[in-house]
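For the numbers below, each heavy atom of this structure counts, side chains included, while hydrogens, waters and symmetry mates do not.
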Amino acid sequence: MSTITDSPEAQALFDKVAGLDNDGGNPRIKQIVRRVVADACRIIEDLDITPSEFWTAMSYLTETGQKNEFGLLMPGIGVEHFIDLCIDAKERAAGLSGGTPRTIEGPLYVAGAPLSKGEARLDDDPEDGEVLIVEGQVTGTDGAPLPGAIVDVWHANTLGNYSVFDRSQSTWNLRRRIETDAEGRYRFRSILPKGYGCPPEGQTQKLLDQLGRHGQRPAHIHFFVSGAGHRQLTTQINLADDPYVYDDFAFGTRDGLVVDVVRVTDPAALAAAGLTEPFSTIRFDFALNPEAANAPDPVVVRPHAEAA
């Protein structure tokens, strides 16, 4: 059955919209616009989208931009996870395998956190949270330690809020960069983070409500990990005891990234750590893939918030 979208008139319209009838502009942008417009029009025709439905969607997208929620919406509808799947496939085609799984970056990274050597303390602000000690090693996929690698870490506080975005916190609270020691080891002390949800009245949650979905994330800790001669890793670990660990609205949980939290109560261990109350520990090692000329760039160029 012939369709309006496939008609010569519509195809000529899509070519004209994308500037294919001229030699100016950016060929890559033209290619993308041609495909996006044609596919959008096919959806309108196939699903019989009414003008009222179309402009309702445009109003939704406009308000999403005004509220700066696209960084939340894209993981919520699975697009950010899908991009990771595409990069995974390209890396496999380039012969890369065995490294720590990547997962979504999320919208709350801030560059330039203080740099420490070997270990760091992340919690600048006093907070009634349980102490968390995380340690591990950065290696290549061959198991060789990577001294001088940078572990860039950030996570939420006990209310599920991030510094910089939450002005009540100190600028670099729960954000640090750690340079690994001669054996590729890193260690930091922080507090146990909490999971959080989309703003209840926000644009992302409005759509999730229409889909019958919740907007909750499990407790997690974000990382960028980089080492000389190796591909930067964007990932996060998810705490196994969180009820949403396998039901993350942002699809950030992946096999190999769920970690057990071990609670320490032994008086001798407390004393050795210089603590008087029970605390939690996590052990997590990172394995980085080597650089490969035929693999996609692992560093994603995207806008980030800046520290005040």
Side-chain angles (χ1 to χ4, degrees), residues 1-90 103-109 160 162 165 195-218 234 244 247-253 296 300-305:
M1 183 177 67
S2 62
T3 66
I4 300 172
T5 308
D6 291 324
S7 69
E9 180 181 7
Q11 291 297 309
L13 171 64
F14 304 151
D15 288 346
K16 182 78 172 178
V17 166
L20 299 185
D21 60 344
N22 69 70
D23 296 327
N26 183 310
R28 175 63 171 168
I29 299 300
K30 289 185 176 189
Q31 177 190 33
I32 294 171
V33 169
R34 175 61 167 79
R35 179 63 179 270
V36 168
V37 172
D39 284 359
C41 290
R42 188 174 301 279
I43 291 170
I44 289 171
E45 182 177 11
D46 287 351
L47 298 181
D48 195 22
I49 303 296
T50 68
S52 294
E53 288 174 327
F54 175 81
W55 288 110
T56 296
M58 293 305 99
S59 295
Y60 172 82
L61 294 175
T62 298
E63 191 171 348
T64 300
Q66 291 169 342
K67 293 184 176 180
N68 195 27
E69 273 204 42
F70 277 110
L72 194 59
L73 180 64
M74 290 302 104
I77 59 175
V79 173
E80 194 169 1
H81 178 65
F82 180 77
I83 291 172
D84 282 344
L85 296 180
C86 291
I87 298 175
D88 288 347
K90 291 177 181 178
T103 193
I104 64 171
E105 174 188 328
L108 300 171
Y109 176 71
Y162 287 76
F165 299 88
Y196 57 87
C198 296
E201 304 303 322
Q203 293 299 98
T204 304
Q205 190 58 57
K206 284 181 183 178
L207 177 59
L208 294 175
D209 288 343
Q210 295 296 314
L211 302 176
R213 292 176 50 201
H214 69 76
Q216 299 297 312
R217 295 219 65 200
T234 300
Y244 291 102
D247 191 21
D248 178 6
F249 100 93
F251 305 99
T253 303
V300 176
V301 178
R302 59 183 286 183
H304 292 115

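The distance from the CZ atom of Phe70 to the OG1 atom of Thr204 is 9.0 Å, given to the nearest 0.5 Å. Annotation: the span from Gln203 atom CD to Leu208 atom CG amounts to 11.5 Å, rounded to 0.5 Å. Rounding to the nearest 0.5 Å gives a distance of 12.5 Å between NZ of Lys67 and OG1 of Thr62. Remark: Gln11 CD to Leu13 CG distance equals 9.5 Å, nearest 0.5 Å.
A donor atom on one side chain and an acceptor atom on the other are not found under 3.5 Å apart for Thr234 and Glu105. Using a 3.5 Å distance cut-off with no hydrogens or angles, the side chains of Thr5 and Glu45 do pair a donor with an acceptor. Side-chain N/O atoms of Asn22 and Lys16 include no donor and acceptor closer than 3.5 Å.
Nearest heavy-atom pair, Pro199 versus Leu72, reported as atom, atom and distance to 0.1 Å: CD-CD2, 3.7 Å. Smallest separation of non-hydrogen atoms from Ala305 and Phe165: CB-CZ, 3.5 Å.
For Ile4, the CD1 atom counts as loosely surrounded, since its 6.0 Å shell holds 12 or fewer non-hydrogen atoms of other residues, nucleotides or ligands. In this structure, Arg28 places its CZ atom where only 12 or fewer heavy-atom neighbours from other residues, nucleotides or ligands lie under 6.0 Å away. In this structure, Arg213 places its CZ atom where more than 12 heavy-atom neighbours from other residues, nucleotides or ligands lie under 6.0 Å away. The local environment of CG in Asp46 is crowded, with over 12 non-hydrogen atoms from other residues, nucleotides or ligands closer than 6.0 Å.
Between Asp247 and Gln216 there is no side-chain heavy-atom pair separated by less than 4.5 Å. Within the 4.5 Å cutoff, side-chain heavy atoms of Ile44 are placed close to those of Phe54. Contact check for His304 versus Leu108: no side-chain heavy atoms found under the 4.5 Å cut-off. Two residues are said to be in side-chain contact when any heavy atoms from C-beta on lie closer than 4.5 Å; Met74 and Ile83 fail this criterion. Looking at Tyr60 and Leu73, their side chains come closer than 4.5 Å, going by heavy atoms from C-beta outward. Contact of the Ile104 side chain with the Asp84 side chain is registered, since non-hydrogen atoms from C-beta on lie closer than 4.5 Å. Side-chain contact between Cys41 and Phe14 is present, with heavy atoms from C-beta onward closer than 4.5 Å.
The side chain to side chain donor-acceptor pair (under 3.5 Å) check on Asn68 picks up nothing, with sequence neighbours excluded. Listed by chain and number, the residues in a ring pair (Phe, Tyr, Trp, His ring centres under 6.0 Å) with Phe249 amount to none (sequence neighbours excluded).
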Tell me, with the steps shown, if Lys206 and Glu63 meet salt bridge (Lys or Arg N to Asp or Glu O under 4.0 Å). CA-CA 11 Å; Lys206 284 181 183 178; Glu63 191 171 348; 3.7 Å; yes

Starting from the C-alpha separation in whole Å, work towards a yes-or-no answer on side chain to side chain contact (heavy atoms under 4.5 Å, CB included) for Tyr162 and Tyr109. CA-CA 9 Å; Tyr162 287 76; Tyr109 176 71; over 6 Å; no

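A salt bridge links Glu80 to Arg302: at least one charged side-chain nitrogen sits closer than 4.0 Å to a carboxylate oxygen.
The closest donor-acceptor contact from the side chain of Gln205 to the backbone of Cys198 lies at 3.5 Å or more, if one exists at all.
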